[in-house]
Asks: 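Below is a structure I'd like to ask you about.
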Amino acid sequence: MAITPLAPNTIWLGGERPIEVGDLAAGVAICPGMLVERYVPSGTLVRVRPHATASVATAPNFAVEQSMVNKGVNDGYAVNDLVQSKIGRPGSTFWAIIPSGQNIAFGQKLESNGDGTLKAYATLGAALCSAKETVNRSEEHTSELQSP
């Protein structure tokens, strides 16, 4: 009898305890598992959005589920919702989003895809983390990864 692995239903999976952030509102819709960054859309108001520049170094800051309002990994953040996120430390493990068309091998380094998702590390890019599982899918998929 085969054992079917289930989705973990949480974004932070374990390892070194990450730094928790939850003081900024979403400037756009955000899905748990997205790589996020702070930005200033106008004036001095600071918001959170999906990381917007591909292959650029950033802190591995991932939006997590809204557990404080009893929401899970499939419940996204709307504009103006306070975004709960965690900044990974070496050894932290997250369940993050890998876009369609990516073939990721176990242990492969990953970088920002410029839309909140992660892609395979390119030679001139900035590696943020490494994959904890092989992902070879033709559809959007989430994957475990570990901060460097």
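Just so you know, these numbers come straight off a predicted model, no measurement behind them. The residues of the chain are indexed from 1 along the displayed sequence. These numbers come from the heavy atoms of this one structure, side chains and all, not from hydrogens, waters or symmetry mates.
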Asks: Minimum heavy-atom separation for P18 and F94, please, with both atom names.
Replies: CB-CZ, 4.0 Å
Asks: Any side-chain heavy atom of Y121 sitting closer than 4.5 Å to one from Q108?
Replies: no
Asks: Please report the interatomic distance CG(N70) to CG(D75), rounded to the nearest 0.5 Å.
Replies: 9.0 Å
Asks: Measure the CD-OH distance between Q84 and Y77 for me, rounded to the nearest 0.5 Å.
Replies: 5.5 Å
Asks: With rounding to the nearest 0.5 Å, note down the distance linking NZ in K119 to OG1 in T117.
Replies: 9.0 Å
Asks: Atom CD of E133 and atom CZ of F106: how far apart are they, to the nearest 0.5 Å?
Replies: 10.0 Å
Asks: Less than 4.5 Å apart, any side-chain heavy atom of W95 and any of V73?
Replies: yes
Asks: Only pairs under 3.5 Å count here: list side-chain donor-acceptor contacts from residues 23-38, not counting sequence neighbours, and write none if there are none.
Replies:
{"residue": "E37", "atom": "OE2", "partner": "R49", "partner atom": "NE", "Å": "2.8"}
{"residue": "E37", "atom": "OE2", "partner": "R49", "partner atom": "NH2", "Å": "3.0"}
{"residue": "E37", "atom": "OE2", "partner": "A52", "partner atom": "N", "Å": "3.1"}

Asks: Among the clusters formed by ILVMFWY side chains lying less than 4.5 Å apart, do V46 and V83 turn up in the same one?
Replies: yes
Asks: Can you measure from OG (S85) to CD1 (I11) and round to the nearest 0.5 angstrom?
Replies: 12.0 Å
Asks: Is L110 close to I98 at the side-chain level, that is, under 4.5 Å between some pair of heavy atoms?
Replies: yes
Asks: Hydrophobic clusters here meaning ILVMFWY residues chained together by side-chain heavy-atom distances under 4.5 Å, can you tell me if V64 and L13 are in one?
Replies: yes
Asks: So, does E111 use its side chain to make a donor-acceptor pair with the main chain of S55 at under 3.5 Å?
Replies: no
Asks: Any non-hydrogen side-chain atom of T134 less than 4.5 Å from a side-chain atom of I104?
Replies: no
Asks: Under the salt bridge (Lys or Arg N to Asp or Glu O under 4.0 Å) test, which residues partner K86, sequence neighbours left out?
Replies: E20
Asks: Do the non-hydrogen side-chain atoms of T93 and E16 ever get within less than 4.5 Å of each other?
Replies: no
Asks: Within a strict 4.5 Å, meaning less than it, do heavy atoms of the T10 and E65 side chains meet?
Replies: yes
Asks: If we only count heavy atoms from C-beta on, is the D81 to Q66 side-chain gap below 4.5 Å?
Replies: yes
Asks: Let me check something: do M68 and V48 share a hydrophobic cluster, defined by ILVMFWY side-chain heavy atoms less than 4.5 Å apart, either directly or through other members?
Replies: no
Asks: Which heavy atom in F62 sits nearest to a heavy atom in P60, and how many Å separate them?
Replies: CD1-O, 3.7 Å
Asks: Does some side-chain heavy atom of L118 sit less than 4.5 Å from a side-chain heavy atom of C129?
Replies: yes
